[in-house]
Structure formats: structure tokens, C-alpha cells
Trainee: 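Before anything else, here's the structure in question.
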Amino acid sequence: MEPAGRTRCSNPSWRARSATASGRPSIELAPTWSPAPIPAACCTWRPPASTCATPSSWSRRPSIWTEPAAAGARNGCPVDTGPVRLPLMRWSKLFIPTLRDAPGDAEAASHRLLVRGGFMRQLHAGHYSLLPLGLRVHDKVERIVREEMNAIGAQEFLLPAMHPASVWEQSGRWQLMGDEMFRLTDRKGADLALGMTHEEVIAGIATEVSSYRMLPQLWYQIQWKFRDEPRPKAGLLRVREFAMKDSYSFDIDEAGLDASFDLHHDAYVRIFERLSLPAIPVEASSGAMGGSDSIEFMVPSPAGEDDVVRCVACGYAANIERATSQLEPVADPAEAAALERFATPGVVTIAALAAFEGGAPADRQLKSLIMVADGEMVAAVLRGDHQLNLQKLSDALGVAAIRPAEPEETEAALGAKPGSLGPVDVSGVRVVVDRALEGRTNMVTGANADGFHLRGVSIERDVQVDLWADLREVSAGEACPNCGRPLEIVRCIEAGHIFKLGRKYTEAMGVTVLDEDGKTRVPIMGSYGIGIGRGVAAIAETFHDDNGLMWPVAVAPYEVVITVVNVKDEASTAAAQALYDELRAAHVDVLLDDRNARAGVKFADAELIGIPFRITIGPRTLGDGEVELTPRRTGDTTVVAIEAIAAEVTALVADAR
RNA sequence: CGGGCUGUGGCGCAGUUUGGUUAGCGCGUCGGUCUGGGGGACCGAAGGUCGGAGGUUCAAAUCCUCUCAGCCCGACCA
């Protein structure tokens with residue numbers, strides 16, 4: 001979808017040459033590329049004379065600065081004209097509303113700093129306006145993603161954001177998606193949805209692929225997606241509308257899918273490298289989408305919402321929804337005792353049963369958790385001291401919705417309240433048992449009668465197991481399943497997710513091709529996503545300090561800021577202007593802080609908005625023909641001869657792009 | 001959906017318990033003077049339906065009822 005408020009352009013030659021997916025000319029920053037001349041009437045918006053409010057002070061005090069290629073000011077409003085059309089980059093004319101205080105209710109660092117730095121403003125929960133500075137970063141992230149997708153031969157599409165219910169009904173997801181999908185009705189009463197993803201739409205187009213000769217295809221789009229999140233939070237990290245790169249691969253067979261998947265894996269590694277994000281590829285659950293070989297790219301951050309289990313020794317990494325570990329064996333008494341029911345008045349917790357005379361330690365108890373999975377009652381059975389991971393149970397059962405049963409439901413199904421439940425002699429309830437319990441004997445569990453427990457329970461003998469599965473959530477410090485070293489748990493932001501989809505959507509949408517034998521085949525799909533705005537937030541979370549953001553050069557809104565300490569010093573302004581012109585000519589993204597403000601304000605703002613390199617021009621050093629260079633990351637200032645600074649900074653920037 | 005908290009100029013907050021002059025403070029903004037290497041000083045100014053609706057009262061930011069919104073925790077969540 002074309003986000004509201006962005007420039008529209010109907011000139012086909014312009015659009016064909018450099019339009020982006022969102023229909024908006026991208027900022028051109030490549031040092032080797034100059035835009036061809038553009039019809040002046042098309043995409044270069046100028047304020048009509050009548051709307052160009054000209055503060056009287058502008059005419060009274062003509063600017064001491066000039067634009068290199070500018071024909072001058074039009075109606076008092078500076079415009080950037082001339083053969084190379086670069087955006088104006090003088091702070092005094094830009095809208096960069098920095099704040100001394102962040103909104104009181106913002107907690108995540110990225111949220112606070114992106115608002116304070118004038119990158120974005122909240123419209124309402126989960127919906128943010130990107131201000132010019134924020135859009136520049138967003139654009140650069142988007143551009144890197146686009147370049148790497150193009151590099152693996154993927155082709156970009158622009159797809160509708162609003163979909164008829166019919167395509168979602170065809171795949172079965174009109175029901176499945178529930179409240180997370182925004183739905184609306186048009187004037188004719190037809191049901192519509194705002195797309196939360198585009199499998200259905202893209203598979204619909206893929207019906208036109210008719211021969212194996214046209215496969216594989218890698219298709220992608222970078223567009224606005226809508227999800228009615230139950231709880232938007234943390235600024236851009238979890239929102240209800242956002243730009244996302246989604247790509248889809250179509251292959252004739254599994255081997256082809258493997259290749260497409262690997263291409264994406266490599267592309268994602270490169271993308272996160274270019275974004276400077278230390279993303280960890282981890283094994284993940286593919287959730288309600290089904291499929292296999294699901295890999296998430298996780299960026300460690302306390303602001304994240306996922307836990308990753310990681311082994312620093314051997315590199316094992318998995319989402320906690322998938323992670324496993326080695327367990328210390330528990331010694332059960334050798335002789336398998338007979339099943340025996342005993343009274344346990346008032347004992348309804350694992351801890352109480354461990355302390356109870358005739359009970360057993362937690363690791364020799366069976367814990368039964370009653371769940372409702374897609375409407376069916378299920379008992380999840382784990383060792384007493386183990387935690388259930390709901391996603392693991394959900395994956396094992398292959399269900400979409402799962403929740404703990406209400407106490408009344410539990411009592412109706414098993415005849416006892418929670419606290420006295422057990423897996424022995426149950427009927428009408430599917431029993432799923434954690435693999436950690438294999439072979440265990442002489443355990444203690446609830447008797448499904450309030451106030452009674454059973455001892456002498458041996459799993460294989462006494463429990464009717466419907467399904468063995470890994471249900472247990474790994475804890476920090478347990479042994480790595482590969483190498484046995486202690487595992488750690490890291491909170492992470494999910495920055496990307498790739499997985500093999502299978503044939504669910506190609507089948508549903510009726511995609512078929514003829515293979516080399518003339519037989520009809522259903523292509524197999526992969527699905528690969530990266531959230532652009534979430535990437536921006538993840539970078540902000542990763543790179544900041546007490547003074548503000550610290551953008552990597554590749555995504556910084558500006559690569560260099562020239563801070564003029566005192567704009568009333570003519571030598572300073574002249575030197576700054578010359579340097580500004582020189583850096584612009586070298587295609588460096590340079591911001592000239594020409595504001596008539598005190599030096600402290602400018603330094604603080606430059607640090608807050610996180611420009612990677614600051615060049616300070618002031619009388620202190622200029623008399624000696626020198627300026628200062630301060631990288632944002634280190635804060636170390638070096639003095640550089642004014643003739644040498646442009647070349648040095650250009651090289652530093654080029655090196656870091 | 002459950003629990004907790006909060007809505008007062010652009011931002012951050014006080015005032016609400018115990019109703020009572022013209023609703024304050026800091027920052028920011030605008031004009032001016034001085035200043036000019038780490039959010040400077042002084043003078044002057046603009047800017048507020050106290051989230052909304054209804055009610056109680058001589059009188060409501062303050063009390064009552066309803067409602068809307070936002071944030072945090074949990075649940076949930078390609």
C-alpha cells in the first residue's frame with residue numbers, strides 16, 4: 001500500500017526509473033549515481049506563492065548561507081534547484097523537533113530516543129508518524145533490504161493492502177486469523193481485510209505460472225501491513241501498521257525450496273551485517289503458519305519479546321519455543337512399586353507434596369496441566385519441577401489456539417480440582433507427556449480426587465500416553481544439547497523470520513505447473529519476512545548511549561554533521577559553506593548545523609540524533625586552518641587541517657557504508 | 001481479555017486526599033538586548049474546552065456515575 005501522505009507521481013518515465021515500492025522517489029545517496037533530469041513540473045514540489053508564508057525576518061535578514069546550485073530563494077523560501085537535486089540539508093530549515101524530555105510513558109530506549117530526537121511521533125497506540133529524520137533512516141534500511149533481495153534475483157511487486165475476504169476464505173485464514181486481522185465492510189456490504197501478510201495474494205498471481213520452466217520464482221514486496229495487535233508497545237517494536245519486506249519463493253520441489261531458502265538465509269545474514277545488527281539465526285517454531293525449517297534472526301535486547309537459548313561454547317541457538325537441553329538423570333527407586341492411593345488433605349502444590357510425609361521431591365512428581373486446544377481437552381504431563389512451554393504443546397498437537405482450562409472445565413473432565421490431578425486412568429482427555437519422563441518409575445501424582453494422590457506411578461505401565469512430545473521449557477544453566485556446556489537465555493527482538501511454507505497456499509489458491517513429464521505439480525513455497533520499522537528500532541536499541549542515538553553510517557539519517565560553533569563568525573561560516581559544498585559534491589550525506597544557537601545546544605542535538613561524524617568548525621582552531629572531527633561512537637576529537645577534512649571524512653564514510 | 005497506573009498549554013510535571021480568587025512551575029516557542037566551544041542571562045509576550053459526557057453543589061481540575069484514550073505487567077501474537 002502506498003502510505004498516506006507520500007508524494008504521488010504519475011509521470012511514467014520517472015516512475016519507471018526510480019520509483020520505489022511505495023511510489024516515492026528514494027533518497028539518492030549512492031556516491032556513483034546522479035539522477036537524470038526530472039521534469040520540473042512532476043516530482044519537485046514547490047510551495048505556491050500564496051502558501052509560502054514568508055516571515056518578515058527572512059527578507060530583513062537575508063541568509064548568510066547559500067546553496068551551491070541554487071538559483072536563489074523563491075518567494076523567500078529557499079529551494080534547491082540545479083542539475084543535481086539533493087535534498088536541503090541545512091538544519092536551520094529542516095523540521096527536526098528534538099525534545100529535552102521524552103514522553104513520560106515511553107520506556108524502551110529506542111522509543112524514547114526516536115521521539116526525543118525528532119524521528120517520529122505517536123498518532124495513537126501502535127501507529128506512528130515518521131518525521132523526516134525517521135523516514136530517512138527507514139528509507140536506508142529499506143534500501144539495504146531491497147538491494148540484497150535484488151542481489152539474489154528476487155523481483156519486487158506492489159500489492160494491494162486491502163483484500164477481499166474471498167482470498168482469505170480460500171486459504172482458510174479468514175477464520176483462522178481471528179481478531180488479529182483488521183476487517184471492514186464496503187458500501188455494498190462486502191467483507192474486506194487489511195492485509196497482514198500476502199501469501200494469498202501472491203499465490204493468486206502465481207496461478208499464472210504454468211510451467212516448471214518458469215520456476216523458481218522469488219517475489220517480494222516492501223509494504224504496509226496491518227495487524228490488530230492486542231498490545232502494541234515499545235514504540236516501533238510492536239505496532240499495528242508497519243512496513244515489512246515479505247518475500248515468497250516458488251519451486252518445483254523440495255530441493256528447489258532448499259536452495260531458495262538458503263539464498264534467503266545468506267541474504268539475511270548480509271542484510272543484518274550491513275545494518276550492523278548482531279542478529280543470531282535461531283531455530284524457531286513456525287507457529288500457526290505450519291511448515292518446517294523455521295529460522296528467526298534475533299537481535300539481543302532487553303526491549304525484545306522473545307527468549308533465545310544459546311550456547312556460547314558451540315553456537316547452538318534456538319527460540320525457547322523450540323530449544324532443548326540435556327538433563328541430569330534422576331534416580332528412581334529400582335523396584336517398581338505398586339500403584340497406591342494415599343490421602344493428602346490440603347496438599348495442592350508441588351512444593352507442598354514435596355514436603356508432605358510420604359510425598360516425593362519435585363523431580364519425582366508428575367505435573368498435569370489441563371489445556372483446551374482448539375476446543376479439545378488435553379492434559380500436558382511434565383516433571384514436577386519443569387515448566388510447560390505452551391508453544392511447544394501447540395506445535396506438538398498441531399493446533400491453532402490453546403489456553404489453560406478453567407477450573408470448572410478441569411473438574412468436569414477429570415473429577416478433581418487443579419492440585420489433585422494426574423494422568424492415571426483418565427478418559428476423554430488426550431494425554432501428552434513430556435519426553436523427559438520416558439522410563440520414569442515410582443513417581444507421585446494427583447489421583448484425580450480432591451485430597452488424594454498416587455504413589456508408585458510408572459509412566460509406561462500406568463499412564464495411557466497418547467503422545468510423547470518435548471513440552472518442557474529450558475532454563476538457563478542447563479546443559480547444551482550439542483556440547484553439554486551451560487546454556488544461557490537471551491532476550492531478543494525478532495528482526496527477521498524465514499521458513500519453508502510447503503504447499504498450503506499454492507494448493508489453496510490452485511497453483512499448478514506442468515513438469516518435464518507433462519504432469520501437473522503443485523509448487524512449494526517459502527516465506528521470508530523482515531520488519532523495516534522494527535529494524536530501525538532494533539538498531540536504535542543496539543546503538544545508543546546516555547546522550548542519544550549512535551547510528552551506523554549505513555542507516556544514519558545524515559552521515560556527517562558540520563557544527564558551526566558560532567554562525568556570527570564569518571570565517572567559520574565561509575569555511576563551513578565551502579566544506580558543505582565539497583561534501584555534497586562528493587555525495588556525502590552532510591547536515592549543516594547553521595542554526596543561530598549556542599554551541600552546547602548544537603553538540604547535544606548532534607549527539608541526540610546520532611550522526612556518526614561531527615565536524616566542528618569554530619574560531620578556536622580555524623585560525624590555524626584546522627577543524628575538529630569527532631566520531632559519535634568514541635567521542636574522541638582529533639584536529640584535522642581544513643584542506644584535508646573533506647577527503648578524510650569522505651573516505652571514512654565510504655568505508656563504513 | 002485480567003491486573004495496575006495515568007490523562008492539566010508543544011514536552012515534563014504540581015495542584016485532586018480536605019470543592020472556594022484570575023489553574024501554577026520547569027523546559028520549549030515568539031519578540032528584544034546582552035552573549036557565543038557543552039542545553040547561557042535578562043526583559044517582554046503568546047499559548048490551557050484541566051480527555052469526554054452527565055450529575056451533585058451557591059461554587060468542580062478537585063466529589064459521584066458513565067465513557068474514551070494512553071502506558072506498564074500478564075494472557076495473546078508469522
Side-chain angles (χ1 to χ4, degrees), chain A residues 55-57 60 97-108 111-112 115-116 118 121-127 173 176-181 195-199 225 227-235 237-240 242 244 246 248 284-291 294-297 303 305-306 319 321 390-391 394-395 400-404 406 494-501 504-505 526-531 534 547-548 563-569 572 593 595-608 614 616-622 627-628 630 635 637:
Chain A
S56 55
S57 58
R60 272 193 281 114
T98 57
L99 299 173
R100 192 182 288 238
D101 301 302
D105 49 24
E107 295 210 338
H111 186 188
R112 299 178 61 82
V115 172
R116 271 192 69 203
R121 290 292 185 263
Q122 183 180 54
L123 178 62
H124 68 139
H127 302 262
R173 291 208 291 181
L176 195 66
M177 281 309 179
D179 292 335
E180 207 183 334
M181 187 152 68
M196 30 195 298
T197 178
H198 283 79
E199 277 86 2
K225 315 267 176 173
R227 292 184 191 177
D228 192 354
E229 291 288 344
R231 185 147 98 84
K233 58 186 281 199
L237 280 175
R238 180 164 292 272
V239 289
R240 303 207 303 172
F242 53 97
M244 179 161 160
D246 243 343
Y248 306 98
S285 158
S286 39
M289 300 289 303
S294 174
I295 291 184
E296 290 168 336
F297 289 80
E305 301 178 280
D306 287 277
N319 191 302
E321 294 171 350
L390 262 186
Q391 188 65 45
S394 174
D395 288 350
I402 197 158
R403 63 171 173 86
E406 300 295 333
E494 180 188 344
H497 193 177
I498 62 178
F499 63 98
K500 300 180 180 175
L501 255 188
K504 174 175 173 176
Y505 297 95
S527 174
Y528 320 88
I530 288 186
R534 186 179 280 186
N547 295 326
T563 301
V564 183
V565 168
N566 184 349
V567 296
K568 295 201 175 139
D569 178 54
S572 294
D593 192 351
R595 293 175 299 167
N596 182 11
R598 301 183 68 84
V601 173
K602 296 188 181 193
F603 293 150
D605 273 345
E607 282 158 16
L608 175 60
R614 185 180 86 211
T616 308
I617 297 186
R620 188 183 284 174
T621 56
L622 197 58
V627 297
E628 288 153 273
T630 311
T637 296

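By convention in this document, chain letters (A, B, ...) are assigned in the order of the sequence lines, proteins followed by strands, and residues within each chain are numbered from 1.
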Trainee: Do you know which two heavy atoms are closest between A/Met181 and A/Arg173, and how far apart they sit?
Mentor: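 Taking A/Met181 first and A/Arg173 second, the nearest heavy atoms are CE-O, 4.3 Å.
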Trainee: Rounding to an integer number of angstrom, what distance separates B/G40 and B/G28 when you compare their C1' atoms?
Mentor: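 Approximately 15 Å lies between the C1' atom of B/G40 and that of B/G28.
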Trainee: Could you measure between the two P atoms, the one in B/A23 and the one in B/C68, and give it in whole Å?
Mentor: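 These two P atoms come out 31 Å apart once rounded.
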Trainee: With 3.5 Å as the limit, what N/O pairs link the protein to nucleotides 7-10 of chain B?
Mentor:
none

Trainee: Which of these nucleotides, B/C72, B/C77, B/G37, is closest to any side-chain atom of A/Arg231?
Mentor: B/C72
Trainee: Could you tell me the separation between the CZ atom of A/Arg100 and the P atom of B/C27, rounded to a whole number of Å?
Mentor: 8 Å
Trainee: Counting side-chain heavy atoms from C-beta on, which of B/C77, B/G38, B/G37 comes nearest to A/Glu607?
Mentor: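 Of the options given, the side chain of A/Glu607 lies nearest B/G38.
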Trainee: For the residue pair A/Pro619 and A/Asp569, what are the closest heavy atoms and their distance?
Mentor: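 It is CG-OD2, 4.1 Å.
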Trainee: Do you know which two heavy atoms are closest between A/Lys602 and A/Ala597, and how far apart they sit?
Mentor: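 Taking A/Lys602 first and A/Ala597 second, the nearest heavy atoms are CE-O, 3.5 Å.
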Trainee: Looking only at atom P, what distance separates B/G12 and B/U6, rounded to whole Å?
Mentor: 16 Å
Trainee: Determine the contact category for A/Asp246: base if any of its heavy atoms lies under 4.0 Å from a base atom, sugar-phosphate if only primed atoms, P, OP1 or OP2 are that close, otherwise nothing.
Mentor: base
Trainee: Distance check, C1' atoms only: B/C27 and B/C66, in whole angstrom units.
Mentor: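 To the nearest whole Å, 37 Å.
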Trainee: Rounding to an integer number of Å, can you tell me how far A/Lys233 NZ sits from B/C71 P?
Mentor: 11 Å
Trainee: Report yes or no: is there a donor-acceptor pair, N or O only, under 3.5 Å between the side chain of A/Asn596 and the base of B/G36?
Mentor: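 For A/Asn596, whose side chain was compared with the base of B/G36, there is a donor-acceptor pair (under 3.5 Å).
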Trainee: Could you check how far CZ of A/Arg598 sits from P of B/G28, rounded to whole Å?
Mentor: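 That distance rounds to 12 Å.
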Trainee: What contact category does A/Ala108 fall into here, base, sugar-phosphate, or nothing, at under 4.0 angstrom with non-hydrogen atoms?
Mentor: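 It contacts nothing in the nucleic acid.
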Trainee: If you compare all heavy atoms of A/Met244 against all heavy atoms of A/Asp246, which two are closest, and at what distance to 0.1 Å?
Mentor: CE-OD1, 3.5 Å
Trainee: How far does the P atom of B/C73 sit from the matching atom of B/G48, given to the nearest Å?
Mentor: 35 Å
Trainee: Tell me: CG of A/Asp101 to C1' of B/C11, nearest whole Å?
Mentor: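 Value for this atom pair: 6 Å.
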Trainee: At less than 3.5 Å, do the side-chain atoms of A/Arg116 and the base atoms of B/C11 form a donor-acceptor pair?
Mentor: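 A donor-acceptor contact between them is absent.
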Trainee: If I take atom CG in residue A/Asp593 and atom P in nucleotide B/G39, what distance separates them, rounded to the nearest angstrom?
Mentor: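 Distance check: A/Asp593 CG to B/G39 P gives 15 Å.
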Trainee: Remember a base hit wins even if backbone is also touched, and classify A/Arg112 as base, sugar-phosphate or nothing at under 4.0 Å, heavy atoms.
Mentor: nothing
Trainee: Is A/Gly529 touching bases, backbone alone, or none of the nucleic acid, heavy atoms closer than 4.0 Å?
Mentor: nothing
Trainee: Could you tell me whether the side chain of A/Asn547 reaches within less than 4.5 Å of the side chain of A/Phe603, counting heavy atoms only?
Mentor: no
Trainee: If pairing requires Watson-Crick or G-U wobble contacts with both distances under 3.5 Å, which nucleotide is the partner of B/G44?
Mentor: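 Because both required distances fall under 3.5 Å, B/G44 counts as paired with B/C30.
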Trainee: Touch check for A/Asp228, heavy atoms < 4.0 angstrom, all strands: base, sugar-phosphate only, or nothing?
Mentor: nothing
Trainee: Which value, in whole Å, describes the distance between the C1' atoms of nucleotides B/U56 and B/A69?
Mentor: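 To the nearest whole Å, 26 Å.
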Trainee: Under 4.0 Å between any heavy atoms, over every strand shown, what does A/Leu390 touch: base, sugar-phosphate, or nothing? Just pick one.
Mentor: sugar-phosphate
Trainee: Decide yes or no for A/Thr197 and A/Arg227: does some side-chain heavy atom of the first lie under 4.5 Å from some side-chain heavy atom of the second?
Mentor: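 Heavy-atom side-chain distance check passes, below 4.5 Å.
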Trainee: Show the distances under 3.5 angstrom between N or O atoms of the protein and N or O atoms of nucleotides 67-70 of chain B.
Mentor:
residue : atom : partner  : partner atom : Å
B/G70   : OP1  : A/Ala125 : N            : 3.1
B/G70   : O2'  : A/Asp105 : OD2          : 3.2

Trainee: May I ask you to say what A/Asp605 touches in the nucleic acid, namely base, sugar-phosphate or nothing, with a heavy-atom cut-off under 4.0 Å?
Mentor: base
Trainee: If we take the P atom in both B/A75 and B/C63, what is their distance in whole Å?
Mentor: 35 Å
Trainee: With sugar-phosphate meaning primed atoms plus P, OP1 and OP2, does A/Met244 contact a base, only sugar-phosphate, or nothing at under 4.0 Å between heavy atoms?
Mentor: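 Answer is base: heavy atoms of A/Met244 come under 4.0 Å of a base.
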Trainee: Starting from C1' on B/C5, measure out to CD on A/Glu107 and report it in whole angstrom.
Mentor: 11 Å
Trainee: Between A/Phe499 and A/His497, what is the ring plane arrangement, given parallel below 30°, perpendicular above 60°, and tilted in between?
Mentor: tilted
Trainee: Report the base-pairing partner of B/C25 (Watson-Crick or G-U wobble, both distances below 3.5 angstrom), or none.
Mentor: B/G12
Trainee: Round to a whole Å and report the spacing from CG of A/Asn319 to C1' of B/C77.
Mentor: 13 Å
Trainee: Measure across A/Thr637 and A/Thr630 and return the closest heavy-atom pair with its distance rounded to 0.1 Å.
Mentor: OG1-OG1, 2.9 Å
Trainee: From the options A/Arg100, A/Arg116, A/Arg595, select the one residue that forms a salt bridge (Lys or Arg N to Asp or Glu O under 4.0 Å) with A/Asp605.
Mentor: A/Arg595
Trainee: State, yes or no, whether a side-chain contact exists between A/His127 and A/Gln122 at a heavy-atom distance under 4.5 Å.
Mentor: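 Side-chain contact under 4.5 Å: no.
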Trainee: For A/Lys602 and for A/Tyr528, locate the closest nucleotide of RNA chain B by heavy-atom distance; then report the residue assigned to the nucleotide nearer the 5' terminus.
Mentor: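 By nearest-heavy-atom nucleotide position, the 5'-most residue is A/Lys602.
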Trainee: Distance check needed: B/C72 C1' versus A/His111 NE2, whole Å only.
Mentor: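 A/His111 atom NE2 is separated from B/C72 atom C1' by 13 Å.
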Trainee: Taking for each residue the nucleotide of RNA chain B bearing the nearest heavy atom, is the 5' side occupied by A/Thr98 or by A/Ala597?
Mentor: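 By nearest-heavy-atom nucleotide position, the 5'-most residue is A/Ala597.
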Trainee: Does B/A69 have a Watson-Crick or wobble mate here (both distances under 3.5 Å), and if so which one?
Mentor: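 Base-paired to B/U6.
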Trainee: Any side-chain donor paired with an acceptor under 3.5 Å for A/Lys233 and A/His111?
Mentor: no
Trainee: On a whole-Å scale, what distance lies between the P atoms belonging to B/G47 and B/A53?
Mentor: 22 Å
Trainee: Main chain of A/Ala495, side chain of A/Arg534: is a donor-acceptor contact present, judged purely on distance under 3.5 Å?
Mentor: no
